[in-house]
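Residue numbers start from 1 in every chain, and the chains themselves are labelled A, B, ... in the order their sequence lines are given, proteins ahead of strands.
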Amino acid sequence: MKGRTAKASTSRNTDNKLAVKKKGKGEKDPNKPKRPPTAFFVFMEGFRKQYKEAHPKNKSVAVVGKAGGEKWKSLSDSEKAVFIAKAGKLKAEYQKKIDAYEKGQNVEEMEEEESDKSKSEVNDGEDDDSEEEEEDDD
DNA sequence: ACCTTGATTGTTCCG
DNA sequence: CGGAACAATCAAGGT
């Protein structure tokens, strides 16, 4: 959870007309990156396979979903941290893709005028190769 | 569609 | 104008 500490209700409304989001799924962007899997999904990726081996005759993903959810809650913080770390990396990469995607759509129409326009370089240097596997035994 | 949880996003309101 | 807080949508997996 980020800084979004869910406060129950601060009585901050007069008419209760809170966010009504629409699907707006009509937009088709070929370059639009999908959302990266959350820690739970990353965990599920392996869990599904595991479950499939334990129950090769199962066909419902729903069953695996429920089982995964329960297992997930049964994991220790340290174990979950492993997936969270992976999700964190994926999220970072996703943000990078989004950056590129937005820039691609933004060929022109730049509201932000930068006096200095000499900067149009995307970081291509990949040096982050430190595989860190922190496993903490409880 | 079933189903899970987390993350991102959109919307509204207060300072 | 910006952040805080909340509400809703979306991400995959297999038949």
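- When rounded to the nearest whole Å, the span between CZ of A:Phe47 and P of B:dT5 equals 12 Å.
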Enumerate the protein-to-nucleotides 2-4 of chain B contacts in which both atoms are nitrogen or oxygen and the separation is below 3.5 Å.
residue, atom, partner, partner atom, Å
B:dT4, O4', A:Gly65, O, 3.4

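- Taking all atoms of both residues into account, the shortest heavy-atom contact from A:Ala39 to A:Ala87 is N-CB, 3.5 Å.
- Counting Ile, Leu, Val, Met, Phe, Trp and Tyr side chains that sit under 4.5 Å apart, directly or through other members, A:Ile98 shares a hydrophobic cluster with A:Tyr94.
- What separates NZ of A:Lys71 from P of B:dT5 is a distance of 15 Å, to the nearest Å.
- Cluster membership check: A:Phe43 shares its hydrophobic cluster with A:Leu90, using side-chain heavy-atom separations under 4.5 Å among Ile, Leu, Val, Met, Phe, Trp and Tyr.
- Mapping A:Ala39 and A:Tyr94 onto DNA chain B via the closest heavy atom, the residue that lands nearer the 5' end is A:Ala39.
- Nucleotide B:dA7 holds its P atom 18 Å from the NZ atom of A:Lys97, rounded to whole Å.
- When rounded to the nearest whole Å, the span between CG of A:Leu90 and P of B:dT5 equals 20 Å.
- Atom NZ of A:Lys32 is separated from atom P of C:dC10 by 9 Å (rounded to the nearest Å).
- As a whole-Å value, the separation of A:Arg48 CZ from C:dT15 P is 13 Å.
- We find that NZ of A:Lys52 is positioned 11 Å from P of C:dG13, with the value rounded to whole Å.
- Distance A:Lys59 NZ to C:dG14 C1': 10 Å, rounded to the nearest Å.
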Under 3.5 Å, sequence neighbours excluded: what are the donor-acceptor pairs made by side chains of residues 57-75 of chain A?
residue, atom, partner, partner atom, Å
A:Asn58, ND2, A:Ser60, O, 3.1
A:Ser74, OG, A:Lys71, O, 3.2

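- Applying the under-4.5 Å side-chain rule to Ile, Leu, Val, Met, Phe, Trp and Tyr, the cluster around A:Ile84 consists of that residue alone.
- A:Arg48 is listed as a side-chain neighbour of A:Glu45, based on a closest heavy-atom distance under 4.5 Å.
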